[in-house]
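Working notes, structure below.
What you see is a predicted model, and the numbers here were worked out from it, not measured in a lab. Naming: A, B, ... by sequence-line order, numbering from 1 per chain.
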Amino acid sequence: MSRKLVPYFLLIPTLLIIGLFIYYPAVLTLKNSLYRVSPFGNRVFFVGAKNFEALLHSPSYQQEAWTTLIFVAVSITLGLIISLLFSLVLNEKVPGVGIFRTIVFSPYAVSPAIAGMLWSFLLNPVVGYVSYAFLKMFGVQSHWLTTYPSALIAIIIATIWQNLGFNIIFFLSGLQGIPDSYYEAAKIDGAGSVRRFFSITLPLLSPITFYLAIMDIIFTMFSSFGIIDIMTQGGPGNSTTTFIYRLYRDGFIYFNSGMASAESMILILIMGVVTFIYFKFVQRVVHYR
Amino acid sequence: MWRKLVVLSLAVVFLMSFAIAAPITIHFWHAMNGPLGEMVQKLVTEFNKTHPNIIVKADYAGSYSETLSKTIAAVKGGNPPDIVQIYDIGTQMMKDSGVIVPIQKFIDEDKTFDVNTLVPQVRGYYTIGGKLYSMPFNSSNPVIYYNKTLFKKAGLDPNNPPTTWEEFEKVARKLTIKKDGKTIQYGFTSGLIGWFFEQYMAVQNALMFNNGNGRIKRATKAVFDSPAGLRIFNFWNNMIQEGIMINGGPGWDNANAIFASQKAAMLLDSTSDVGMMLQQAKEGHFELGVMALPHPADVPYGGVIIGGASLWMINTHNPAKEQAAWTFLKWLEQTPQQVQWSEGTGYFPINKNAITKMMYQGFYAKYPQYLTTVFQLLMSNVTYATRGGVCGVFPKVRATIEEALSKVFNHTMTPAQALKWAQDQANEAIEQYNSLYQ
């Protein structure tokens with residue numbers, strides 16, 4: 001009997017913290033999403049599912065769904081490919097590789113707000129370095145942050161850049177965990193470097209890759225609003241407003257907490273589905289050693 | 001028996017003296033960071049020194065919207081500050097919050113305070129239905145900064161800047177320089193900021209909302225889809241499409257950087273940046289001019305609206321605390337403090353006597369750029385249009401206008417379509433908000 005109780009007892013501190021900081025706010029959010037609330041909370045009206053109805057019927061929310069999908073899919077796919085390429089290079093035993101690794105990792109240490117500011121200055125239509133380079137190289141006067149679809153592209157680039165270091169660290173540790181003997185055996189069997197990459201490196205990196213994919217989804221879905229807020233504020237014309245940025249605006253700029261809570265519930269639902277898929281299917285496909 | 005009585009009375013006297021002497025602590029949340037925050041702290045320290053019975057504790061609470069959302073959280077948590085600095089467009093939200101004491105209450109009670117010392121245009125903004133709700137503090141208005149050196153290079157008279165939109169467009173065209181089909185210098189730049197739209201409305205004396213811009217009664221409809229509004233959309237868009245103006249995009253920083261690097265000759269910005277602009281001009285070796293916001297030639301001139309923030313008193317149900325908070329607010333409004341604040345920050349004084357004092361002391365003669373910033377405001381007519389709109393969903397309205405403008409610049413909508421779309425969005429939000437207070 002006591003054997004059965006001990007594990008639960010040991011779980012109490014964790015459950016307490018999770019309950020207090022995650023489940024309790026989540027339940028409150030669910031409750032809030034069913035009300036219309038004045039900014040200071042002194043007027044509260046129960047509206048049932050009307051907040052959700054309004055959201056699902058709103059053309060701008062539908063547009064934001066597409067923006068979110070494109071933003072998340074492109075920045076994760078491209079981000080993973082680019083960071084894998086970087087990791088392969090940084091995994092080579094060349095002199096000074098430590099310095100290169102530090103340089104590549106450093107963007108991750110920069111806060112999203114600062115990253116946004118940095119890119120915003122680089123992409124300034126007249127005095128930005130990137131715009132200047134484009135003018136010199138291609139003779140194009142680029143207006144990165146004020147035209148479509150370049151604003152979304154700029155946001156994606158900044159997000160990938162910011163997240164690069166995190167991905168690379170994990171890929172590097174994954175690469176270093178692959179024993180050299182596998183490669184040697186493959187070489188003896190006559191496999192070329194491309195074949196070795198696709199038959200050994202990639203499959204053995206799959207657990208890391210899927211872990212990173214999930215982490216990147218969380219990152220791009222939930223913490224990307226800093227970059228967006230500073231670079232484009234969701235514009236031009238709503239074209240860079242993602243779900244999380246809309247939530248931030250409705251909650252903390254427009255003080256419409258009922259609507260923001262409903263959006264939050266939708267995000268929780270999406271994350272639930274992603275996590276479910278991850279545990280249900282992805283784990284089966286991944287090669288664990 | 002008498003011994004007990006003496007001890008007891010002594011104890012009572014002791015406790016009472018303690019209660020009287022114990023200073024009252026006032027928590028003051030503000031949204032001023034960097035040098036502005038230091039200036040606030042300096043004033044607070046001085047107040048605490050001269051008022052031993054009151055301790056004001058000033059805390060930086062983040063940006064304007066962060067300060068408002070922290071205040072909301074603190075009110076809900078039951079531990080709000082006593083005084084909080086809230087931005088202009090939060091006025092209706094604060095009025096509806098049910099947790100504030102209108103400053104008018106203290107003005108009516110306290111005969112030592114002369115409300116007529118407030119600059120009328122500033123007082124007009126924070127007065128709704130004849131009541132002054134909050135104490136004006138940091139006020140600004142929009143001006144156009146221009147590069148006198150580039151004016152001279154283009155053969156323009158730097159001391160005769162344009163006053164109408166028509167002249168302004170011509171001047172911007174002259175200041176635009178193209179080389180091999182590429183623009184190397186723009187006539188004009190500005191950030192994509194909804195506040196500027198409101199200002200262009202005000203110079204045309206046009207309303208944003210019905211019911212006297214929401215000042216006679218709660219605003220129920222947005223009315224900016226008007227000939228005046230359309231004219232602004234066209235004016236702004238035409239200059240961008242012609243290539244004599246460059247859109248700095250959202251926020252202030254990008255447009256500012258373009259102007260500071262002399263790639264644009266004129267910049268629409270806030271008067272609160274005048275100190276920074278003078279510094280940039282010095283570093284960039286150009287002469288800085290400041291002109292009043294131009295207006296269409298054929299429309300009677302209205303004026304500009306103040307922006308910035310004011311100080312709100314939260315209802316603590318503690319008269320002693322409220323009196324202490326009022327003492328602090330009153331002190332901040334006095335001439336010496338206003339002179340110190342204005343000279344240290346670039347915000348103009350909200351006290352008329354402080355402006356006069358600064359003029360006598362030669363401040364405006366030394367820095368004529370500062371004079372334009374305050375002169376333009378004093379020249380403005382005080383009408384419902386120039387006192388600014390009051391609306392519970394103003395942050396949303398402003399953002400919607402910005403979105404509509406960017407749709408026009410990107411050819412997704414015509415100016416007329418975008419304006420109508422923005423007004424419809426605003427009306428929907430206003431209706432939702434108002435239904436909470438019926």
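Expressed to the nearest 0.5 Å, how far CD1 of I253(A) lies from NZ of K396(B) amounts to 12.0 Å. Distance check, rounded to the nearest 0.5 Å: CD of E66(B) to CZ of F252(A) gives 10.0 Å. F40(A) CZ to L436(B) CG: the interatomic distance, rounded to the nearest 0.5 Å, is 13.5 Å. The line from OG1 of T147(A) to CZ of F409(B) is 13.0 Å long, rounded to the nearest 0.5 Å.
Within 6.0 Å of CD on Q417(B) lie more than 12 heavy atoms contributed by other residues, nucleotides or ligands. Around atom CE of M271(A), more than 12 heavy atoms belonging to other residues, nucleotides or ligands sit under 6.0 Å away. By the neighbour-count criterion of 12 heavy atoms within 6.0 Å, atom NZ of K76(B) is densely surrounded, having more than that number from other residues, nucleotides or ligands. Within a 6.0 Å sphere centred on OH of Y129(A), heavy atoms belonging to other residues, nucleotides or ligands number 12 at most. The number of heavy-atom neighbours closer than 6.0 Å to CZ of F46(A), taken from other residues, nucleotides and ligands shown, is above 12.
For the options G41(A), G235(A), S38(A), A151(A), heavy-atom pairs under 4.5 Å to chain B are most numerous at S38(A).
Shown here for N410(B) and T146(A), the closest heavy-atom pair between the two residues is ND2-O, 3.0 Å. The two atoms that bring Q233(A) and G251(B) nearest to each other are NE2-N, 4.1 Å, heavy atoms only. Heavy-atom minimum distance, G237(A) versus E403(B): CA-CG, 3.7 Å. Residue R43(A) comes nearest to Q438(B) through the heavy atom pair NH1-O, 4.2 Å, listed as atom of the first residue, atom of the second, then distance. In plain terms, the two heavy atoms of A399(B) and R249(A) that are nearest each other are CB-NH2, 3.5 Å.
Side-chain N or O atoms of N254(B) include none that pairs as donor or acceptor with a backbone N or O of N124(A) at under 3.5 Å. A donor-acceptor pair under 3.5 Å links the side-chain atoms of N42(A) to the main chain of D96(B), judged by distance alone.
Using a 4.5 Å cut-off between heavy atoms, L405(B) does not touch chain A at all. Looking at F255(A), only its side chain comes within 4.5 Å of chain B, counting heavy atoms on both sides. Looking at Y437(B), the atoms closer than 4.5 Å to chain A (heavy atoms on both sides) sit in the backbone and in the side chain alike. For V99(B), the part sitting under 4.5 Å from any heavy atom of chain A is the side chain, from C-beta outward, and nothing else. Neither the backbone nor the side chain of V393(B) comes within less than 4.5 Å of any heavy atom in chain A. Contact of F45(A) with chain B is made through the side chain alone, with heavy-atom distances under 4.5 Å. Only the side chain of Y87(B) comes within contact range of chain A, with at least one heavy atom under 4.5 Å from a heavy atom of that chain. Residue S435(B) touches chain A through both its backbone and its side chain, counting heavy-atom pairs closer than 4.5 Å.
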Candidate pair S60(A) and Q425(B), rule side chain to side chain contact (heavy atoms under 4.5 Å, CB included), full reasoning: CA-CA 11 Å; S60(A) 60; Q425(B) 296 279 312; 5.8 Å; no

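Between H143(A) and N247(B), the closest side-chain pair of non-hydrogen atoms is not below 4.5 Å.
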